[in-house]
Amino acid sequence: MSTVARPVSSKALSSEGSERPSAELYRLSDLPSKELAREFLRGQRPDPEDIAGWEFRGLNHHRATRFLGIRKFIKGFYRSSGGLYGYNIKVAQTPLTEEWAALPDEDNPVRHGFYRVRRPDPTERDNAHLHALLLDYGQGENPRFDPTRGLRDYLVQLTDDVFLGAAYYALGNRRVLLPSYFILDRFRRGVTEAP
């Protein structure tokens, strides 16, 4: 059985991120999906101010995502005049013990899968997890026929620097839970405005 995550305290946030993935990222990556679902329900809604301007190591929990080249990724958050937004960065699919390295290189990362971050509105269609933040790819700056536009992620905070997400896909009025959770681990300072 999993342990209860320590409380979130904005006072304890890392000021520079972490050079190495956290033990919590590895612990969560080894849990069965049922345990991750419990962890997700115990999580708290992140404070947008605590994630703005940061990039996080991302890990899709389902191991099959390795074959799709999307197991490891980087997710960033930035402020814009319309609120909080974010992006994903493609990463070399190396073993989890190796660093998250942007592709094609750190100086020229491929940013894609843009999204808007907001609290879910209980009166709207995307309201599956009201205790989370909603990452709405349909409101990001993605090309019209980009399949990422259908993604709807819900994000909760487990510890000061570790977050857990549940991914859904919009098919018309339906929302389908994808077969994977994802883990975010505070990594480094990112861009502070639209990339």
Side-chain angles (χ1 to χ4, degrees), residues 1-8 18 20-48 50-51 54-77 84 86-91 93-97 100 112-120 125-138 140 147-171 174-187:
M1 186 167 192
S2 93
T3 59
V4 176
R6 64 187 168 92
V8 176
S18 172
R20 300 183 51 85
S22 69
E24 184 70 357
L25 178 138
Y26 291 121
R27 183 187 78 81
L28 292 168
S29 73
D30 287 336
L31 290 180
S33 292
K34 283 185 178 182
E35 285 297 316
L36 281 183
R38 289 186 189 104
E39 294 273 353
F40 185 84
L41 291 176
R42 285 195 286 259
Q44 301 174 30
R45 180 183 301 117
D47 180 347
D50 290 340
I51 60 176
W54 283 95
E55 290 183 344
F56 295 79
R57 289 178 192 88
L59 179 66
N60 281 309
H61 182 257
H62 200 288
R63 286 178 173 82
T65 58
R66 181 175 51 135
F67 300 110
L68 300 172
I70 58 169
R71 181 121 202 257
K72 291 171 71 172
F73 60 95
I74 294 171
K75 192 175 286 289
F77 298 87
L84 185 63
Y87 54 88
N88 290 276
I89 295 176
K90 293 181 180 185
V91 168
Q93 299 301 301
T94 55
L96 299 188
T97 54
W100 270 240
H112 67 105
F114 297 92
Y115 50 85
R116 179 179 176 215
V117 182
R118 60 186 174 90
R119 290 177 71 157
R125 178 63 192 98
D126 295 305
N127 65 5
H129 300 286
L130 297 177
H131 74 296
L133 282 178
L134 172 64
L135 283 56
D136 187 342
Y137 290 69
T148 63
R149 290 178 60 88
L151 287 171
R152 304 293 186 271
D153 292 342
Y154 293 90
L155 188 67
V156 297
Q157 189 166 7
L158 301 182
T159 71
D160 291 330
D161 295 322
V162 178
F163 301 74
L164 184 60
Y168 287 74
Y169 200 82
L171 294 171
R174 295 184 60 224
R175 298 299 184 264
V176 179
L177 177 63
L178 297 177
S180 183
Y181 288 91
F182 63 90
I183 304 154
L184 298 183
D185 186 36
R186 195 179 302 270
F187 183 21

Side chain to side chain, [X] and [Y], heavy atoms closer than 4.5 Å:
X    : Y    : result
R152 : Y115 : no
L151 : L178 : yes
R71  : L59  : yes
L133 : I51  : yes
L28  : L36  : yes
V162 : S22  : yes
I183 : S29  : yes

Taking [X] for its side chain and [Y] for its backbone only, find out whether a donor-acceptor pair lies under 3.5 Å.
X    : Y    : answer
N60  : T65  : no
Q93  : V91  : yes
Q157 : D160 : yes

(request) Flag this pair as yes if the NZ/CZ of K75 is under 6.0 angstrom from the six-membered ring centre of F182 and inside a 45 degree cone about the axis; otherwise no. (result) yes
From [X] atom [atom1] to [Y] atom [atom2], the distance as rounded to the nearest 0.5 Å:
X    : Y    : atom1 : atom2 : result
Y154 : L164 : OH    : CG    : 14.5 Å
K72  : T94  : NZ    : OG1   : 2.5 Å
L25  : D161 : CG    : CG    : 11.5 Å
D153 : N88  : CG    : CG    : 8.0 Å
R20  : D185 : CZ    : CG    : 11.5 Å
I70  : S180 : CD1   : OG    : 8.0 Å

(message) Counting only heavy atoms from other residues, nucleotides and ligands, does the tally under 6.0 Å from CZ of R125 exceed 12?
(response)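 It does: R125 CZ has more than 12 such atoms within range.
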Nearest heavy atoms of [X] and [Y], plus distance in Å:
X    : Y    : answer
P120 : H129 : CG-O, 3.4 Å
A132 : V156 : CB-CG1, 3.7 Å
F40  : A166 : CE1-N, 3.8 Å
Y26  : P21  : OH-CG, 3.5 Å
R119 : R45  : NH2-NH1, 2.8 Å
Y169 : P147 : OH-O, 2.5 Å

(message) Suppose we call two aromatic rings close when their centres sit under 6.0 Å apart. Are H112 and Y137 close by that rule?
(response) no
(message) Taking the six-membered ring for Trp, are F77 and F56 closer than 6.0 Å centroid to centroid?
(response)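 For F77 and F56, the ring centres are under 6.0 Å apart.
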